[in-house]
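Please read the structure below before turning to the comments.
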Amino acid sequence: MCNAILAVPIDPHSNDSLIWNHHPSGVFTVNSAYHLANSNSNFSSPGPSNPATYKRWWTTVWSSNIPPKIKHFVWKAFHHILPSTLNLFNRKSTTSPFCSLCLSHHDSNTHSLIECSRAGKIWKHSSFHHFYIENKHCDIKEFMLRGFESFDKDQLCSFLGLIWAIWNNRNRAIFNPNHVTNFCVENYVSIYLQEYRDAQDRISTSSHTSHHPSPPVPVPDDTYRLSVDAALSPSTNQHGYGAVVTDSKGTVIASLTAPSHTALAPIFAEAEALHRALLWCQAVHFPIAVITSDCQSLVHRIHNFSPDRSALSGLLALIVSSLSSFPGAVLHYIPRTTNVAAHDLARSALGTDKEIIRNLFSSPP
């Protein structure tokens, strides 16, 4: 119960209002409602209705080392929006909803990829034959989710690649009836995926050999840089805030660490860390010219700030207001690897219960 309360984002700077929790702005959009409706579509098994399962599934899919076009195909199949005959019939783009190959069933996405006799032959000639026999009566969404729970990451890539190949095989048969069908397509999929991975490795190697770290943003003489970060400890619902001020030569002038107890999303912690650091620098009149954070989404939202109904909007408004105290200061995103000092300070704040400020100068400029 305490964790649930701590996880509620509250904006103390705005009046209470209804917000739409499925869009970053807090404003209802038809697009976000459409995706919410699709994500809540339940089928034969109670498993997929668990939001955590969806999150793990999509995290795995989008991070898999397979071509983007296969990922896009999987997304369409999962949401039943591939242009199968039934979908085209419902959109009045064709005169019949029946499968163009077996002619005996409505050609839904599930039928095209699992139930059709043509698809069945490909599954039976694959290493996934046993899985197919046990799960061939599932909807395609449930079928893929069961595969996700059954296979390791490499097997899942081959599994998704095979589903994609079944769709392509179906289309070739429809649009080129004279094409000789090969139902043993798993080997083709394996070769295709390996060629893709080899190409990605070559690109990565080339990038690493030619890449040079971008130089740090220069800080004019007689001005300072403020670097900020936040650290999280999920087990204790504690956030740590860290900020370090350096001069134009990179010498540390002052630092701040502070703890906080909350279960809010990481971007709230990053925003609060930046807000506290700006108030501190404002109080001691630091001439800040450059501000850096390794939270790219926060930097983007500040650069493009427009008041909305999200719980983060009030805090962003305070940050934007605080930035006005530093005329000419610029806010930049930097990678975590170049924000080590602020990150280490933020981590050191975890497990403490008080704010600590260290000044390494005799008097404020």
Side-chain angles (χ1 to χ4, degrees), residues 41-45 47-48 53-54 56-58 60-61 64-88 97-197:
S41 298
N42 297 324
F43 293 97
S44 58
S45 169
T53 300
Y54 282 120
R56 290 190 301 109
W57 155 255
W58 286 121
T60 302
V61 169
S64 296
N65 192 13
I66 57 178
K69 64 181 178 181
I70 296 183
K71 296 177 184 179
H72 185 59
F73 163 83
V74 168
W75 184 86
K76 283 189 170 184
F78 190 89
H79 292 98
H80 295 267
I81 56 176
L82 291 171
S84 60
T85 309
L86 178 60
N87 281 347
L88 294 175
F98 287 94
C99 176
S100 301
L101 300 175
C102 69
L103 305 176
S104 58
H105 294 86
H106 284 188
D107 186 30
S108 65
N109 285 181
T110 298
H111 176 80
S112 298
L113 300 171
I114 304 175
E115 298 171 348
C116 183
S117 57
R118 191 182 192 87
K121 290 178 181 179
I122 295 177
W123 284 113
K124 291 175 183 178
H125 283 84
S126 75
S127 61
F128 301 100
H129 180 208
H130 182 68
F131 173 86
Y132 167 76
I133 294 299
E134 290 187 341
N135 297 281
K136 63 180 181 179
H137 299 297
C138 292
D139 175 270
I140 183 59
K141 180 177 183 178
E142 173 68 14
F143 188 77
M144 288 193 289
L145 286 171
R146 290 192 180 187
F148 169 62
E149 297 291 350
S150 302
F151 306 134
D152 61 33
K153 197 162 186 178
D154 288 339
Q155 289 175 314
L156 181 65
C157 289
S158 298
F159 175 69
L160 298 179
L162 186 61
I163 297 176
W164 169 75
I166 290 173
W167 177 255
N168 288 340
N169 187 286
R170 163 199 180 274
N171 290 339
R172 279 195 296 271
I174 291 174
F175 297 109
N176 186 10
N178 296 324
H179 177 75
V180 177
T181 298
N182 177 12
F183 294 109
C184 301
V185 301
E186 186 175 11
N187 187 51
Y188 158 76
V189 171
S190 298
I191 294 173
Y192 179 75
L193 292 180
Q194 188 57 52
E195 288 177 346
Y196 172 79
R197 290 162 184 159

Lys76 atom NZ, neighbour heavy-atom count above 12 within 6.0 Å: no

Tell me, do Asp139 and His80 make a side-chain contact under 4.5 Å, heavy atoms counted? yes

Set of residues satisfying ring pair (Phe, Tyr, Trp, His ring centres under 6.0 Å) with respect to His72, sequence neighbours excluded: none

At what distance, to the nearest 0.5 angstrom, does OG1 of Thr110 lie from CG of Leu86? 10.0 Å

Apply the side chain to side chain contact (heavy atoms under 4.5 Å, CB included) test between Ile163 and each candidate in Val74, Ile70, Ile122, Leu113; give the one that qualifies. Leu113

Taking all atoms of both residues into account, what is the closest heavy-atom pair of Ala173 and Leu101, and its distance? CB-CD2, 3.9 Å

How long is the span from the NZ atom in Lys71 to the CG atom in Leu160, to the nearest 0.5 Å? 10.5 Å

Do the side chains of Ile114 and Cys138 get nearer than 4.5 Å, heavy atoms only? no

Within the structure provided, determine whether Pro67 and Leu193 are in side-chain contact (heavy-atom separation under 4.5 Å). yes

Can you check ring pair (Phe, Tyr, Trp, His ring centres under 6.0 Å) on Phe131 and Phe143, steps first, answer last? CA-CA 9 Å; Phe131 173 86; Phe143 188 77; 5.2 Å; yes

Here the gap from Lys124 atom NZ to His130 atom NE2, rounded to the nearest 0.5 Å, amounts to 14.5 Å

Can you list the steps and then say if Asn87 with Asn109 is a side chain to side chain contact (heavy atoms under 4.5 Å, CB included)? CA-CA 8 Å; Asn87 281 347; Asn109 285 181; 3.7 Å; yes

I'd like to know whether Ser127 forms a side chain to side chain contact (heavy atoms under 4.5 Å, CB included) with Glu186, so could you lay out the CA-CA distance, the side-chain angles of the two residues, the decisive distance to 0.1 Å, and finally the verdict. CA-CA 8 Å; Ser127 61; Glu186 186 175 11; 2.6 Å; yes

Quick one: list whatever passes salt bridge (charged side-chain N to carboxylate O under 4.0 Å, His left out) with Glu149, sequence neighbours left out. Arg56

Please find the pair of heavy atoms, one from Arg170 and one from Ser112, that lie closest to each other, and give the distance. NE-OG, 3.3 Å

My understanding is that only residues two or more places apart in sequence, or in another chain, count here; which of them pass ring pair (Phe, Tyr, Trp, His ring centres under 6.0 Å) with Tyr188? none

So, using salt bridge (charged side-chain N to carboxylate O under 4.0 Å, His left out) as the criterion, who are the partners of Arg197 when residues are at least two apart? none

Non-hydrogen side-chain atoms of Ile166 and Trp123 separated by less than 4.5 Å: yes

Please give me the minimum heavy-atom distance between Met144 and Phe159, naming the atom from each residue. CA-CE2, 4.0 Å

If you define the side chain from C-beta out and look only at heavy atoms, does anything of Asp152 sit under 4.5 Å from Gln155? yes

Side chain to side chain contact (heavy atoms under 4.5 Å, CB included) partners for His105, two or more places apart: Cys102, His111

Kindly indicate, with the supporting measurements, whether the criterion side chain to side chain contact (heavy atoms under 4.5 Å, CB included) is fulfilled by Val185 and Asn168. CA-CA 11 Å; Val185 301; Asn168 288 340; over 6 Å; no

Taking the six-membered ring for Trp, are Trp167 and Phe73 parallel (under 30°), tilted (30 to 60°) or perpendicular (over 60°)? tilted

For Phe148, what residues pass the ring pair (Phe, Tyr, Trp, His ring centres under 6.0 Å) criterion, not counting sequence neighbours? Trp57

Does any donor atom in the side chain of Asp107 or Ser84 lie under 3.5 Å from an acceptor atom in the other side chain? no

Do you know which two heavy atoms are closest between Leu82 and Ala77, and how far apart they sit? CD1-CB, 3.7 Å

Is the ring pair Trp164/Tyr192 parallel, tilted or perpendicular, if the boundaries are 30 and 60 degrees? parallel

Between the CG atom in Leu145 and the CG atom in Asn135, the distance rounded to the nearest 0.5 Å is 11.0 Å

Calculate, to the nearest 0.5 Å, the distance between atoms OH and NZ belonging to Tyr196 and Lys69 respectively. 10.5 Å

Between OG of Ser126 and CG of Asn187, what distance do you get to the nearest 0.5 Å? 12.5 Å

